[in-house]
Novice: 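My structure is below; once you've seen it, I'll send some questions.
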Amino acid sequence: MAAGLLGLCTRRLLAAAATRGIPAARVRWESSSSRAVIAPSAVVGKRGPEPTTRWQEDPDTEDENLYEKNPDSHGYDKDPAVDLWNMRVVFFFGFSIVLVLGSTFVAYLPDYRWSRNLLALAVFAFFQGASPRSLDHLDLNAAQIEDRSKRAV
Amino acid sequence: MLKIIIPTIMLMPLTWLSKKNMIWINTTTYSLLISLISLSLLNQPSNNSLNFSLMFFSDPLSAPLLVLTTWLLPLMLMASQHHLSKEPLIRKKLYITMLTMLQTLLIMTFTATELISFYILFEATLVPTLIIITRWGNQTERLNAGLYFLFYTLMGSLPLLVALISIQNLTGSLNFLLIQYWNQALPDSWSNIFLWLACMMAFMVKMPLYGLHLWLPKAHVEAPIAGSMVLAAILLKLGGYGMLRITTMLNPQTSFMAYPFLMLSLWGMIMTSSICLRQTDLKSLIAYSSVSHMALVIVAVLIQTPWSYMGATALMIAHGLTSSMLFCLANSNYERTHSRTMILARGLQTLLPLMAAWWLLASLTNLALPPSINLIGELFVVMSSFSWSNITIILMGTNITITALYSLYMLITTQRGKYTHHINSIKPSFTRENALMALHMTPLLLLSLNPKIILGFTY
C-alpha cells in the first residue's frame, strides 16, 4: 500500500512538475514488490501558460559573438578586414584629424575682444587728432579686456 | 554654410552608392570630415554674427550647437553599427539616410536667418526622428512613444506658426538679423499676452518644461540608440535655441509672463531629479535627468541676464555630450543583457573595468563635477537665479544635491557590488564602444580648458 501511495504521489509530483514546465525525467519505473508504477504523466507535453511579465525587453535574440570567429574583433563588422579598416578610419579621422587639428585650430583662435578694444582705441586716438603714424606706437596694454565681474550679473 | 550643408546632403548618395562592406566606413569618415569643417564657424571675428547669405548665418550661440550636431552624426553611426548588423542592406542604408536627413535639417535649423524658415525646419526634424523611433525601436510601446512625441510638439508649435505669421504682418520681416534692432516694445494687451504664450509654448514643449514633459521618457526609452542620442543631445536644445532667439522680440511681456514657467521649472527640476532616484529602467533615468537639466536652461533663458545666457549655452553643450554618452553606456549594457533594468546588469566593474571608467566619468560630468563645463553652466545659472531671487538658491541647491544622488545611484547600481550569475558570460567591451566613449569625453574635457567658445553671445 505504501508503494502504491508512493507511486500515486510520485505521479502527481511528476504531473505537477510537468505543468510547471520543470523538466521531468522520462523514465518508467515498475516496482518489483508491488504493482506500483511510476511513469511520466499524460500532461507532460502540456506546458503551463507563459509568465505574463518578462524580464528582458528584447527576448529571443540570436546573439552573435563577434569574438568567436575573430578574436581580434573591434566590434564593427564580422569581416575581419572591414572591421580593422573601420577601426583605423575612426581612430585616424576621429582622433588624429578632428580632435587634434580641431583643438589646435580652436586653441589658436585670436582673442577678438582684445583686438576690438585695440581697434576702438586706435579709432578714438585718430579722431582726437593723432597722426596716422602714431597709430603704430599704440600702447597694446591699454587695450584691456573689460572687467566682467563689475558687470551686472 | 553650403560647405557644410552640401557635403551633408551628399552623405545620402554616398550611402546608397557605397558597397555593402563600405557603407559604415564611408559615412563615418565623411561625417567626421564635415565636423572638422564646421569647427571653422567657431571663428567669430565680428561682434554681431557671421552672415553667409540671406538665408544662413551663424553667431556665437548657434556655432557651438552646430559643431555639436555635426560631431554627433559619426558617433550615432558608430553606436548603431551593432544593432543594425543583422538588418538587410536596404534597411541599413535607409537608417543612415534618416540620420543624414535629420542632420541636414538640424544644420539648416540652427543657421536659418528667417523665423518662418526656422519654424518649417524645426517641424521637419520631427519626421525623420519619428521614423527612426517607430521603425527601429525595439518594443511595441515605440508606437505610442512616437505618437506622444509627434503630437506634443505639433500641438505646441501650431500656435507658434500663427504667431509668426501675425508678427510678419505687423513688422514686415522675421529676419533674426533685423529683429535684434527692433526697439519697439510690444504693447501691453491680452492679445500680446497670447502672442507671448503662442511663441514660447512650442519651445517649452521641446525643452521640455515640467508638465509638458510626458513625451520625453517615452521617446527616449523606446528610440534606438541613435534616436536617443540625437533626441537628448540636439533636439532638446532646439527648444533652448528657439527660446533664446524669440525672447529678443517679446519684451516687456517676458518680465511678468515668465513667472509661472519659472516656478514650474524650479519645482520641476526637483521633481524630475527625485523621480530619477525611483527609476528601475536605466534609459528612463537618463531621460528624466535630461528633463531636470533642461529645466535649468529654461530658468536661465527666462531670467534674461548676460550670465544666465552664458550658463544656458554652456549647459546645453555640456548636457548634449554627457547625456549622449550616458545613452551610449546604457546601450552597451542593453546589447549584452537585452534589458534596460538597472539591477539586472550590476557589478559590471569587475567584468568590464574600462567601461566602468567611462561610467565613472559620465556620472561625474552628469553631476557637474568641477572643472567640467557642466559645472560652469550650472554655476552661471545658479548665480544668476540667486541674483534674480535669493530664495531660488534653496531649490537650486536641492536640485544639485539630488542630481549628485541619482548620478551616484546609477553608477553604484550598475558598477559596484557583486555581479549576477547570468551576466558572467557577457562579451568584453569592443574597441568601437571605447572609442565612442572617448569621442564623447575628450571634447567635454577639452572644452573645460577653453570654455569661452561655448559661452554664447553675451561673453
Side-chain angles (χ1 to χ4, degrees), chain A residues 54-68 70-113 115-117 119-120 145 148-149 151-153, chain B residues 21-22 24-26 28-30 32-33 35-36 39-40 42-47 67 71 74-75 78 81-82 85-86 138-139 281 305-308 334-341 344 383-384 386-388 427-436 438-439 442-443 446 449-450 452-453 459:
Chain A
R54 25 160 225 219
W55 63 275
Q56 280 183 323
E57 273 88 11
D58 189 17
D60 302 328
T61 52
E62 292 155 18
D63 262 342
E64 193 187 354
N65 187 358
L66 287 171
Y67 288 119
E68 208 177 313
N70 178 15
D72 295 327
S73 173
H74 297 289
Y76 292 98
D77 199 271
K78 283 189 303 234
D79 182 348
V82 171
D83 186 60
L84 182 66
W85 274 103
N86 203 332
M87 181 274 296
R88 285 175 176 167
V89 145
V90 163
F91 273 91
F92 179 68
F93 287 100
F95 289 92
S96 308
I97 299 289
V98 179
L99 282 177
V100 170
L101 296 183
S103 52
T104 313
F105 172 78
V106 168
Y108 280 98
L109 282 176
D111 185 359
Y112 289 112
R113 286 195 302 159
S115 55
R116 269 182 237 130
N117 281 357
L119 176 65
I145 306 295
R148 295 274 160 161
S149 61
R151 281 179 67 180
V153 166
Chain B
N21 55 3
M22 289 298 285
W24 296 109
I25 296 176
N26 284 343
T28 314
T29 310
Y30 286 103
L32 283 166
L33 289 172
S35 69
L36 182 68
L39 284 172
S40 64
L42 293 172
N43 184 24
Q44 298 270 339
S46 156
N47 229 348
V67 173
W71 182 238
L75 270 48
M78 284 167 62
Q81 270 182 264
H82 182 86
S85 56
K86 290 186 202 64
N138 277 321
Q139 284 79 46
D281 184 329
T305 66
W307 275 22
S308 74
Y334 185 79
E335 283 177 355
R336 286 167 174 77
T337 60
H338 296 286
S339 173
R340 292 191 301 265
T341 309
L344 287 180
M383 286 193 291
S384 48
F386 180 71
S387 158
W388 176 75
K427 299 181 279 295
S429 306
F430 293 113
T431 317
R432 175 182 62 85
E433 289 164 335
N434 288 320
L436 191 59
L439 288 170
T442 315
L446 285 172
L449 300 174
N450 188 10
K452 66 176 192 266
I453 48 172
Y459 174 69

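Below, read A as the first sequence line, B as the second, and so on, with proteins coming before strands; counting in each chain starts at 1. Bear in mind that the values here come from a model prediction, so they are computed numbers and not experimental data. FYI, side chains are in, hydrogens and waters are out, and symmetry mates aren't considered; it's all heavy atoms of this structure.
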Novice: May I ask you to check whether over 12 heavy atoms, not counting those of A/K78, lie within 6.0 Å of atom NZ?
Specialist: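 Counting other residues, nucleotides and ligands, NZ of A/K78 stays at 12 neighbours or fewer.
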
Novice: So, using ring pair (Phe, Tyr, Trp, His ring centres under 6.0 Å) as the criterion, who are the partners of A/Y112 when residues are at least two apart?
Specialist: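 Not a single residue meets the ring pair (Phe, Tyr, Trp, His ring centres under 6.0 Å) criterion with A/Y112.
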
Novice: Return yes when atom CH2 of B/W388 has more than 12 non-hydrogen atoms of other residues, nucleotides or ligands closer than 6.0 Å, and no otherwise.
Specialist: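 More than 12 heavy atoms, drawn from other residues, nucleotides or ligands, come within 6.0 Å of this atom.
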
Novice: CG/A/D83 to CG/B/N21 distance, rounded to the nearest 0.5 angstrom?
Specialist: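 The distance works out to 12.0 Å.
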
Novice: Looking at every non-hydrogen atom in both residues, tell me the closest pair between A/Y76 and B/M78 and how far apart they are.
Specialist: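 Heavy-atom minimum between the residues: OH-CE, 4.0 Å.
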
Novice: To the nearest 0.5 Å, tell me how far B/W24 CH2 sits from A/D77 CG.
Specialist: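 Separation between the atoms: 10.0 Å.
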
Novice: Counting heavy atoms not belonging to B/F430, are there more than 12 under 6.0 Å from its CZ?
Specialist: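 Count over threshold, so yes.
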
Novice: Identify the two heavy atoms, one from A/F105 and one from B/L39, that lie closest to each other, and give their separation to 0.1 Å.
Specialist: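 Looks like CE2-O, 3.2 Å.
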
Novice: Given heavy-atom pairs under 4.5 angstrom as the criterion, report whether the side chain, backbone, both or neither of B/E433 touches chain A.
Specialist: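 It is neither, since no heavy atom gets under 4.5 Å.
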
Novice: Rounded to the nearest 0.5 Å, what separates atom CZ in A/R88 from atom CD1 in B/I25?
Specialist: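 Between atom CZ of A/R88 and atom CD1 of B/I25 there are 10.5 Å.
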
Novice: What is the minimum heavy-atom distance between A/V98 and B/L32, and which atoms define it?
Specialist: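 That closest heavy-atom pairing would be CG2-O, 3.3 Å.
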
Novice: Side chain to side chain contact (heavy atoms under 4.5 Å, CB included), that's the test. Do B/N450 and A/L109 meet it? Break it down for me.
Specialist: CA-CA 11 Å; B/N450 188 10; A/L109 282 176; over 6 Å; no

Novice: Between B/S40, B/S85, B/P74, B/P428, which has the largest tally of heavy atom pairs under 4.5 Å with chain A?
Specialist: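 Max contact count across the listed options: B/P428.
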
Novice: Go through the atoms of B/M22 and report whether side chain, backbone, both or neither lie under 4.5 Å from a heavy atom of chain A.
Specialist: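 For B/M22, there is no contact with chain A at all, as no heavy atom is under 4.5 Å.
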
Novice: Picking from B/N43, B/L36, B/L446, which has the most non-hydrogen pairs under 4.5 angstrom with chain A?
Specialist: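 Heavy-atom pair counts peak at B/N43.
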
Novice: Should B/L439 and A/L99 count as side-chain neighbours, where that means a heavy-atom distance under 4.5 Å?
Specialist: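 With C-beta onward as the side chain, the pair touches.
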
Novice: Measuring heavy-atom distances to chain B, does A/F91 have an atom under 4.5 Å in its side chain, in its backbone, in both, or in neither?
Specialist: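 Side chain only.
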
Novice: What verdict does the side chain to side chain contact (heavy atoms under 4.5 Å, CB included) test give for B/T28 and A/F93, after you've listed the backbone C-alpha separation in whole Å, the side-chain angles of each residue and the deciding distance to 0.1 Å?
Specialist: CA-CA 9 Å; B/T28 314; A/F93 287 100; over 6 Å; no

Novice: Between A/L66 and B/K427, is there a side-chain heavy-atom distance shorter than 4.5 Å?
Specialist: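 Of all side-chain heavy-atom pairs linking A/L66 with B/K427, none is under 4.5 Å.
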
Novice: Non-hydrogen atoms of chain A under 4.5 Å away: do they reach the side chain of B/L42, the backbone, both or neither?
Specialist: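 Looking at B/L42, backbone and side chain both touch chain A.
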
Novice: With chain B as the partner, which of A/L101, A/D79, A/V106 has the greatest number of non-hydrogen pairs under 4.5 Å?
Specialist: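 Highest number of heavy-atom pairs under 4.5 Å: A/V106.
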
Novice: Look up atom CG in A/D111 and atom NZ in B/K452, then write down how far apart they are to the nearest 0.5 Å.
Specialist: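 Interatomic distance, A/D111 CG to B/K452 NZ, rounded to 0.5 Å: 5.5 Å.
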
Novice: Tell me, side chain or backbone of B/W71 under 4.5 Å from chain A's heavy atoms, or both, or neither?
Specialist: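 For B/W71, the side chain is the part near chain A, not the backbone.
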
Novice: Tell me the closest heavy-atom pair linking A/Y67 and B/S429, and the distance in Å.
Specialist: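 Closest approach of A/Y67 to B/S429: OH-O, 3.0 Å.
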
Novice: Show the nearest heavy-atom pair for residues A/V90 and B/A435, with the distance to one decimal.
Specialist: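 Taking every non-hydrogen atom into account, CG1-CB, 4.3 Å.
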
